[in-house]
Student: 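Handing you this structure, nothing more for now.
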Amino acid sequence: TNNLRMAAYKPEKGMPVEEVASHRIRITLTSRNLKSLEKVCTDLIHGAKAKDLDVVGPVRLPNKNLKITTRKTPCGEGSKTWDKFEMKIHKRVIDLKSPSETVKQITSISIEPGVEVEVTIADN
């Protein structure tokens with residue numbers, strides 16, 4: 001009986017088999033605001049898991065700390081006082097394995113301002 005059950009699911013030789021091309025997709029998110037970046041990450045992952053996709057991530061990459069040290073006085077006179085300014089850029093990477101049509105549906109969510117999204121598609 002086991003052979004009969006298996007044979008019922010096999011396609012016949014003349015029938016075409018529909019196979020959707022699956023791509024490896026990498027979504028790179030960058031932002032200065034950590035809360036909005038994490039919110040977009042969780043929204044993307046929940047949307048991908050709702051469509052039963054293989055999700056890896058979010059992988060947290062090292063922050064870029066951009067530092068500027070400048071004098072407080074514009075003329076250069078007076079005591080030597082300095083201002084230090086710092087901007088942190090946070091980066092996350094999410095890997096998906098899915099057809100490109102479903103990625104368009106997932107990435108069509110409302111993305112918060114200040115979050116940059118970059119989608120790269122690699123063929124298998």
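One is the number of the first residue; the rest follow in order along the sequence.
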Student: Rounded at 0.5 Å granularity, tell me how far OG in Ser98 sits from CZ in Arg24.
Tutor: 12.5 Å

Student: If we only count heavy atoms from C-beta on, is the Lys67 to Phe85 side-chain gap below 4.5 Å?
Tutor: no

Student: Out of curiosity, does Val93 fall in the hydrophobic cluster containing Leu29 (side-chain heavy atoms, cut-off under 4.5 Å, transitive links)?
Tutor: no

Student: Please report the interatomic distance CH2(Trp82) to CD1(Ile68), rounded to the nearest 0.5 Å.
Tutor: 13.0 Å

Student: In Å and rounded to the nearest 0.5 Å, what is the CG to CZ distance from Asp95 to Arg26?
Tutor: 4.0 Å

Student: With rounding to the nearest 0.5 angstrom, report the NZ to OG distance, Lys39 to Ser31.
Tutor: 13.0 Å

Student: Report the distance from atom CD1 of Ile89 to atom CG of Asn33, rounding to the nearest 0.5 Å.
Tutor: 13.0 Å

Student: Using the side chain to side chain contact (heavy atoms under 4.5 Å, CB included) definition, which of the options Val115, Leu61, Asn63 pairs with His90?
Tutor: Asn63

Student: Is there a path of hydrophobic side-chain contacts, each under 4.5 Å between heavy atoms of I/L/V/M/F/W/Y residues, joining Ile121 to Ile94?
Tutor: yes

Student: Would a hydrophobic clustering, with Ile, Leu, Val, Met, Phe, Trp and Tyr connected at side-chain separations under 4.5 Å, put Val117 with Leu34?
Tutor: no

Student: Are Val59 and Leu96 connected in the hydrophobic side-chain network, where two residues link if heavy atoms are under 4.5 Å apart?
Tutor: no

Student: May I ask you to decide if Lys91's main-chain N or O and Thr30's side chain share a donor-acceptor pair within less than 3.5 Å?
Tutor: no

Student: Give me the atom names and distance for the closest heavy-atom approach of Ile45 to Pro58.
Tutor: CD1-CD, 3.2 Å

Student: For Glu112 and Ser36, work out which heavy atoms get closest and say how close.
Tutor: OE1-CB, 3.2 Å

Student: Roughly how far, to the nearest 0.5 Å, is the NZ atom of Lys88 from the CG atom of Asn65?
Tutor: 5.0 Å

Student: For residues Met87 and Arg32, determine if any side-chain heavy atom of one lies less than 4.5 Å from a side-chain heavy atom of the other.
Tutor: yes

Student: Is any NZ, NE, NH1 or NH2 atom of the basic residue among Arg92 and Glu38 found under 4.0 Å from an Asp or Glu carboxylate oxygen of the other?
Tutor: yes

Student: Side-chain contact test, heavy atoms from C-beta onward, threshold under 4.5 Å: evaluate it for Ile25 versus Ile27 and give yes or no.
Tutor: yes

Student: Taking all heavy atoms of Leu53 and all of Lys97, pick out the closest pair and write down the distance.
Tutor: CD2-O, 4.1 Å

Student: Do other residues, nucleotides or ligands put more than 12 heavy atoms under 6.0 Å from the CD atom of Glu116?
Tutor: no

